[in-house]
Participant: 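Here's a structure for you.
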Amino acid sequence: MQTDEQGPAPKAEICPDEDNSARLPSSLRCISPDFRKDPTSMAYSGVNGPDHLVVYQLVIVAFGTRGDVQPLFILACKLASYVQTLFISHDAFALTFDWGRHGLAFAGTPTDPNARPETVAEEYEVLIPHASRCECLVFNLFALGAWHVAEAFSKRAIAASPCLIPYEPAASFRESFRAAHPRLYARLRTAPEGHVSWRCLV
């Protein structure tokens with residue numbers, strides 16, 4: 001009789017650290033090439049060490065408030081039964097969820113869930129060395145930089161959102177967009193058939 005029970009997820013590989021900054025898009029090259037951080041301040045569950053890096057098959061990146069992060073945490077709990085999974089989010093959530101109980105490793109970024117980070121490096125520096133070795137990156141809509149990282153390393157990338165996509169913009173979006181970008185708005189409104197137009201946005 002067949003069952004749905006799965007064996008333990010495969011053990012992560014260990015690889016030496018290396019400088020991956022040259023492969024990043026220009027918007028992310030401000031990130032320091034020194035990716036070896038203090039594990040007590042940046043990573044949990046043995047994510048990083050001073051001389052080597054744990055390799056995860058799947059890396060999930062979720063930023064935002066708890067309501068934005070928790071849906072991907074639930075997804076990660078399911079996936080961790082099948083693949084070695086690393087979850088990257090704000091340091092503030094290090095103790096919010098029981099990562100180890102669900103077989104997840106956690107790496108935190110020194111960013112505030114309720115504020116915009118001062119630099120790109122604050123959000124994505126911890127991701128770079130793991131992204132270069134993983135098989136797939138999953139990210140929410142507050143971690144779109146992860147898509148650029150995945151592209152730089154030719155990795156599969158999946159955007160995951162608890163909201164239906166596409167969804168309607170706010171009622172004030174049109175007037176706000178026209179006030180902020182009058183020339184672009186005019187061109188989008190008069191774009192010929194087959195070109196990007198205002199209808200593509202709303």
Side-chain angles (χ1 to χ4, degrees), residues 8-25 27-29 31-37 39 41-49 52-64 66 68-94 96-111 113 117 120-162:
K11 292 183 178 180
E13 301 175 22
I14 303 294
C15 288
D17 283 330
E18 61 185 41
D19 183 356
N20 298 292
S21 58
R23 303 187 63 179
L24 296 175
S27 61
L28 295 176
R29 284 188 191 144
I31 295 177
S32 167
D34 182 9
F35 299 119
R36 290 177 293 182
K37 296 293 184 179
S41 63
M42 186 190 76
Y44 301 84
S45 302
V47 174
N48 262 347
H52 57 261
L53 188 76
V54 177
V55 178
Y56 295 91
Q57 295 169 281
L58 177 66
V59 176
I60 297 178
V61 187
F63 296 134
R66 176 170 179 161
D68 302 306
V69 173
Q70 188 163 351
L72 269 73
F73 167 72
I74 295 171
L75 175 65
C77 291
K78 298 295 184 180
L79 295 175
S81 299
Y82 303 93
V83 294
Q84 194 78 20
T85 304
L86 169 66
F87 199 103
I88 296 176
S89 190
H90 307 286
D91 270 334
F93 296 128
T96 302
F97 306 107
D98 194 345
W99 307 99
R101 177 184 176 187
H102 298 283
L104 293 167
F106 174 81
T109 63
T111 51
V120 175
E122 284 186 315
E123 285 193 312
Y124 295 102
E125 185 169 30
V126 67
L127 169 62
I128 306 304
H130 295 289
S132 67
R133 298 172 173 91
C134 73
E135 296 179 10
C136 181
L137 273 171
V138 177
F139 55 92
N140 71 353
L141 299 185
F142 290 98
L144 294 178
W147 183 88
H148 295 286
V149 175
E151 183 181 43
F153 294 112
S154 300
K155 303 295 182 178
R156 288 177 292 177
I158 301 172
S161 172

Participant: At their closest point, which heavy atom of H130 faces which heavy atom of Y56, and how far apart are they?
Facilitator: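 So the two residues come closest at ND1-CD1, 4.1 Å.
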Participant: Of all the heavy-atom pairs spanning N140 and A62, show the shortest one and how long it is.
Facilitator: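 Taking every non-hydrogen atom into account, OD1-CA, 3.5 Å.
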Participant: Identify the two heavy atoms, one from D91 and one from G108, that lie closest to each other, and give their separation to 0.1 Å.
Facilitator: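 Smallest interatomic distance, heavy atoms only, reads OD1-CA, 3.1 Å.
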Participant: Once side chain to side chain donor-acceptor pair (under 3.5 Å) is applied, do any residues pair with R156, and if so which ones, sequence neighbours excluded?
Facilitator: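 Applying side chain to side chain donor-acceptor pair (under 3.5 Å) to R156 gives none.
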Participant: Can you label the angle between the W99 ring and the F97 ring as parallel, tilted or perpendicular, going by 30° and 60°?
Facilitator: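 Ring orientation, 0 to 90° scale: perpendicular.
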Participant: Could you state the interatomic distance from NE2 (H102) to OG (S81), rounded to the nearest 0.5 Å?
Facilitator: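 If we round to the nearest 0.5 Å, H102:NE2 and S81:OG are 10.0 Å apart.
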Participant: Hey, could you give me the CZ/OG1 distance between F106 and T96, rounded to the nearest 0.5 Å?
Facilitator: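 Atom-to-atom, F106:CZ and T96:OG1 are 8.0 Å apart.
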Participant: What is the distance from atom OG of S89 to atom CG of D68, rounded to the nearest 0.5 Å?
Facilitator: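 Spacing of OG (S89) from CG (D68) equals 9.5 Å.
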Participant: If you take all heavy atoms of R133 and K155, which pair is closest and at what distance?
Facilitator: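 In terms of heavy atoms, the two residues are closest at C-NZ, 4.1 Å.
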Participant: Just list the side-chain donor-acceptor pairs under 3.5 Å for residues 72-79, sequence neighbours left out, or say none.
Facilitator:
none

Participant: State, to 0.1 Å, how close V69 and G64 come at their nearest heavy-atom pair, and which atoms those are.
Facilitator: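 Reported closest heavy-atom pair: CG2-O, 3.8 Å.
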Participant: What's the spacing between E123 CD and T111 OG1 if we round to 0.5 Å?
Facilitator: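 Answer rounded to 0.5 Å: 5.5 Å.
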Participant: With sequence neighbours excluded, what pairs up with F63 under the ring pair (Phe, Tyr, Trp, His ring centres under 6.0 Å) test?
Facilitator: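 Partners of F63 under the ring pair (Phe, Tyr, Trp, His ring centres under 6.0 Å) test: H90, Y124.
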Participant: Please test L144 against F139 for side chain to side chain contact (heavy atoms under 4.5 Å, CB included), starting from the C-alpha separation and ending with a verdict.
Facilitator: CA-CA 7 Å; L144 294 178; F139 55 92; 3.8 Å; yes
Participant: For the residue pair P110 and E122, what are the closest heavy atoms and their distance?
Facilitator: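 Looking at all heavy atoms of both residues, the shortest contact is CD-O, 3.5 Å.
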Participant: Go through the structure and list residues passing side-chain contact (heavy atoms from CB on, under 4.5 Å) with P71, not counting sequence neighbours.
Facilitator: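 side-chain contact (heavy atoms from CB on, under 4.5 Å) list for P71, sorted by chain: P162.
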Participant: Suppose we screen for side chain to side chain donor-acceptor pair (under 3.5 Å). Which residues come up paired with E135, at least two apart in sequence or across chains?
Facilitator: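 Side chain to side chain donor-acceptor pair (under 3.5 Å) list for E135, sorted by chain: empty.
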Participant: To the nearest 0.5 Å, what is the distance between CG (L137) and CG (L58)?
Facilitator: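 With rounding to 0.5 Å, CG (L137) is 8.0 Å from CG (L58).
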